[in-house]
Amino acid sequence: MPHDSATSQTTTNEEEYTFVISRVFDAPRDLVFKAWSEVDHLKKWWGPKDFELSRVSLDFRPGGVFHYCMRSSEGFEMWGKFVYHEIDAPGKIVFVNSFSDPEGNIVRAPFSDSIPLEIRNVVTLSESEGRTTITLRSSPINATEEEISFFKGMFESMTQGYGGTFDQLAEYLATI
């Protein structure tokens, strides 16, 4: 599959609880940005493996929302949303994501009460020789110490989860 690397790391001070993952894709930056910014593309790759996005709406602009339902093959549903804060096409997207209910209200994760309600994400895209590097930096906001500690403890599983999602993006990019 077309990717070179995936890494996870933490940094110091305020950043000690920031999750970071990077991946190189065999696609130009403009195309990778479209995959993040257009609903028909997002539906093809976003989310955990073996989940399908259904009931999706996207208003891709600062202040806009991406609201979606992820459905497993067994019928289990989880809702999520992004609220976009900054968009600098085609190099940067800043959004806060959370689990939600079908109406878009922020709710606790269906599988843990310790996951922070809101996660700030900064996605940067840089291109070199027709290949795009995505770096995703995620950190909890408005979180309790318990939630921050839990978030830090999730880094390994987040590396696997985002790794799978980025695998799906790489596979999708190879088809368009």
Side-chain angles (χ1 to χ4, degrees), residues 1-11 14-15 17-49 51-70 78-100 103-106 116-142 151 155 158-159 161-176:
M1 275 299 96
H3 71 271
D4 288 344
S5 64
T7 58
S8 174
Q9 65 189 37
T10 57
T11 54
E14 164 196 319
E15 300 287 313
Y17 53 85
T18 298
F19 171 78
V20 180
I21 188 166
S22 293
R23 175 74 64 92
V24 178
F25 295 89
D26 288 327
R29 181 169 72 163
D30 286 342
L31 180 60
V32 177
F33 186 84
K34 282 183 180 184
W36 280 87
S37 61
E38 296 179 8
V39 71
D40 289 338
H41 293 302
L42 275 165
K43 288 168 62 172
K44 304 285 188 191
W45 67 272
W46 179 256
K49 284 187 176 187
F51 276 76
E52 178 184 339
L53 284 189
S54 64
R55 295 176 278 182
V56 177
S57 66
L58 175 65
D59 181 9
F60 188 72
R61 62 176 177 81
V65 174
F66 172 44
H67 187 224
Y68 56 93
C69 178
M70 297 180 285
M78 288 187 295
W79 286 85
K81 75 175 188 176
F82 299 176
V83 177
Y84 296 102
H85 288 255
E86 179 183 343
I87 298 170
D88 184 12
K92 185 177 183 181
I93 305 167
V94 179
F95 62 94
V96 172
N97 76 302
S98 58
F99 288 92
S100 74
E103 291 74 39
N105 300 303
I106 295 173
L117 285 172
E118 296 178 295
I119 309 291
R120 182 178 188 269
N121 299 276
V122 178
V123 175
T124 55
L125 300 91
S126 60
E127 184 174 351
S128 178
E129 299 177 6
R131 303 177 84 210
T132 302
T133 300
I134 291 176
T135 301
L136 171 74
R137 301 175 60 81
S138 299
S139 54
I141 57 174
N142 304 316
F151 183 81
F155 284 7
M158 290 171 66
T159 298
Y162 275 111
T165 296
F166 284 173
D167 287 347
Q168 293 172 161
L169 175 56
E171 292 166 10
Y172 176 65
L173 288 168
T175 70
I176 57 176

Could you tell me if the side chain of [Y] sits less than 4.5 Å from the side chain of [X], heavy atoms only?
| X | Y | value |
| --- | --- | --- |
| His67 | Trp79 | yes |
| Lys43 | Val39 | yes |
| Ile21 | Phe155 | no |
| Tyr17 | Pro140 | yes |
| His85 | Val83 | yes |
| Val123 | Thr135 | no |

Next item on the list: Show your reasoning for whether side chain to side chain contact (heavy atoms under 4.5 Å, CB included) applies to Trp45 and Glu171.
Entry: CA-CA 8 Å; Trp45 67 272; Glu171 292 166 10; over 6 Å; no
What is the distance from atom [atom1] of [X] to atom [atom2] of [Y], rounded to the nearest 0.5 Å?
| X | Y | atom1 | atom2 | result |
| --- | --- | --- | --- | --- |
| Phe151 | Ser138 | CZ | OG | 5.5 Å |
| Ser100 | Met78 | OG | CE | 11.0 Å |
| Ser22 | Phe166 | OG | CZ | 8.0 Å |
| Arg29 | Phe33 | CZ | CZ | 9.5 Å |
| Ser126 | Ile134 | OG | CD1 | 9.5 Å |
| Arg137 | Ile119 | CZ | CD1 | 14.0 Å |

Notebook entry, point to check: Among Thr133, Thr165, Leu136, Asp167, which residue meets the side chain to side chain contact (heavy atoms under 4.5 Å, CB included) test with Arg23?
Noted result: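 Filter result, single survivor: Asp167.
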Looking at every non-hydrogen atom in both residues, tell me the closest pair between [X] and [Y] and how far apart they are.
| X | Y | value |
| --- | --- | --- |
| Glu118 | Asn142 | OE1-ND2, 3.3 Å |
| Thr132 | Pro28 | OG1-C, 3.1 Å |
| Pro90 | Asp30 | CG-OD1, 3.4 Å |
| Ser98 | Leu117 | CB-O, 2.9 Å |
| Met70 | Leu53 | CG-CD2, 3.5 Å |
| His41 | Ala35 | CB-CA, 3.5 Å |

Note to self: Angle between ring planes, Phe82 versus Tyr84, binned at 30° and 60°: parallel, tilted or perpendicular?
What the structure shows: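 Judged by the thresholds at 30° and 60°, the geometry between Phe82 and Tyr84 is perpendicular.
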Check: How are the rings of Phe95 and Trp36 set relative to one another: parallel (under 30°), tilted (30 to 60°) or perpendicular (over 60°)?
Finding: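 Phe95 vs Trp36 ring planes: tilted.
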Checklist line | Lys81 side chain to Gly104 backbone, donor-acceptor under 3.5 Å | finding: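 A pair under 3.5 Å: yes.
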Note to self: Is there a side chain to side chain contact (heavy atoms under 4.5 Å, CB included) between Leu169 and Trp46? Walk through the geometry before answering.
What the structure shows: CA-CA 7 Å; Leu169 175 56; Trp46 179 256; over 6 Å; no
Next item on the list: Start with the C-alpha distance between Phe99 and Ile106, add both sets of side-chain angles, then the distance that settles side chain to side chain contact (heavy atoms under 4.5 Å, CB included), and finish with yes or no.
Entry: CA-CA 6 Å; Phe99 288 92; Ile106 295 173; over 6 Å; no
Next item on the list: Carefully, step by step, assess Asn121 and Val96 under the rule side chain to side chain contact (heavy atoms under 4.5 Å, CB included).
Entry: CA-CA 6 Å; Asn121 299 276; Val96 172; over 6 Å; no
